[in-house]
Amino acid sequence: MEETQPIAEAPLEEGVDAGGAPEAPNVIVADRQVIVCQGIGSLVAQIPEVKLGAFATDKASLKKLLSAAQGKTILILGVRLADGDLTQILEQVRKDYPDVMVVVVADETEFAFIRTAIKQGANSVCMMSQILTSLPKILGKLVEGHSIVPSDILKRLTSDNTDTLSRREHEILALLVDGLTNFQISARLGLSENTVKYYLKAIYQKLDVNSRGAAIAKYVAGNY
């Protein structure tokens, strides 16, 4: 009887499942509040084009998840983790994991972070108030390899006068004039100190100054 030779199996390509179809991208959700991660995660779990991964609440856990990620990965990132804000975290992610696609999610009061996210290379942005309708569309585009900024956010970004101080920036400057520290301002306005620092950076840029004293002097003089 003729001996039958075994047929060698070709190895699967990375990102391809046993049926030959591309694997669904893994989605990591990161925010300082577990309840926010869970809420976003429950929505992601209902989207068939992607696969929900683990949650991260601080920089160490996020780094661990990203380092272990295989295949196409999407990171849904809030504006703050327990030990850092969007600016430093997104910069590090872009440097260490350039292939990871990033969606930044922000509340209405955190809209200033949206502009920062886009400048720092986020693939998309989403307002928390629109997440139920916007996030599935955004993830669908990212799966196809396309970055996207929702039209309502793009319209708002292009219509804003970036040199004009916002209402919140006026509030912070007024408190600076009163001599309050960053901690006192954060307590007064219900913001984190990191958020106050971010607003101060934006204020310095708009007023073309590089210190608290110069910002106060220019604000008091009305030269802005």
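Within the 4.5 Å cutoff, the side chain of Pro150 has no heavy atoms near those of the Gln130 side chain. The shortest distance between side-chain heavy atoms of Lys197 and Asn194 falls below 4.5 Å. Counting only heavy atoms from C-beta outward, the side chains of Leu135 and Val44 approach each other to under 4.5 Å. A 4.5 Å side-chain heavy-atom check between Ile47 and Val27 finds every atom pair outside the cut-off. In this structure the side chain of Met127 reaches within 4.5 angstrom of the side chain of Ile153, judged on heavy atoms. Inter-residue side-chain proximity for Asn210 and Tyr204 is flagged as unmet; no heavy-atom pair is nearer than 4.5 Å. Looking only at side-chain heavy atoms (C-beta outward), Glu23 and Gln70 stay at 4.5 Å or farther from each other. Side chains of Leu173 and Leu207 form a contact here, defined as non-hydrogen atoms less than 4.5 Å apart.
Side-chain heavy atoms closer than 4.5 Å link hydrophobic residues (I, L, V, M, F, W, Y) into clusters, and following such links, even through other members, never connects Ile76 to Phe111. Met128 and Ile114 fall into different hydrophobic clusters, where Ile, Leu, Val, Met, Phe, Trp and Tyr are joined by side-chain heavy atoms under 4.5 Å apart, directly or via other members. When the side chains of ILVMFWY residues are joined at heavy-atom separations under 4.5 Å, either directly or via intervening members, Ile28 and Leu43 end up in two distinct hydrophobic clusters. Linking ILVMFWY residues whenever their side-chain heavy atoms come closer than 4.5 Å, directly or via other members, places Leu75 and Val149 in the same cluster. Each of Val105 and Val34 belongs to its own hydrophobic cluster when Ile, Leu, Val, Met, Phe, Trp and Tyr are linked at side-chain heavy-atom distances under 4.5 angstrom.
The two residues Gly78 and Asp31 come nearest to each other via the heavy atoms CA-OD1, 3.5 Å. Looking at every heavy atom in both residues, Gln120 comes nearest to Leu90 through CB-CD2, 3.7 Å. The shortest heavy-atom contact between Ile216 and Leu176 is CD1-O, 3.5 Å. The nearest pair of heavy atoms linking Leu142 to Ser147 is CD2-CA, 4.2 Å. Of all heavy-atom pairs spanning Cys126 and Ser134, the tightest one is SG-CB, 3.8 Å. Smallest separation of non-hydrogen atoms from Leu86 and Phe113: CD2-O, 3.5 Å.
No donor-acceptor pair under 3.5 Å is formed between the side chain of Lys72 and the backbone N or O of Met101. Side-chain N or O atoms of Asp178 include none that pairs as donor or acceptor with a backbone N or O of Leu180 at under 3.5 Å. Asn123 contributes a side-chain N or O that, together with a main-chain N or O of Val102, makes up a donor-acceptor pair within less than 3.5 Å. A donor-acceptor pair is defined here as one N or O able to donate and one able to accept, closer than 3.5 Å; no such pair exists between the side chain of Lys218 and the backbone of Val209. Side chain of Ser124 to backbone of Ile148: a donor-acceptor contact under 3.5 angstrom is found.
Dense packing is recorded around CD of Gln88, with more than 12 heavy atoms of other residues, nucleotides or ligands lying under 6.0 Å away.
Under the rule for a ring pair (Phe, Tyr, Trp, His ring centres under 6.0 Å), Tyr199 has no partner lying at least two apart in sequence or in another chain.
Looking at Thr87 and Tyr198, their side chains never bring a donor and an acceptor atom within 3.5 Å of each other. Side-chain atoms of Ser67 and Tyr97 include a donor-acceptor pair closer than 3.5 Å.
Residue Ile172 holds its CD1 atom at 7.5 Å from OG of Ser166, rounded to the nearest 0.5 Å.
Screening residues 93-107 for salt bridge (Lys or Arg N to Asp or Glu O under 4.0 Å), with sequence neighbours left out, gives no hits. The salt bridge (Lys or Arg N to Asp or Glu O under 4.0 Å) analysis of residues 46-66, with sequence neighbours excluded, yields no pairs.
Exactly one of Val100, Asn26, Val29, Leu139 qualifies for a side-chain contact (heavy atoms from CB on, under 4.5 Å) with Ile74. That residue is Leu139.
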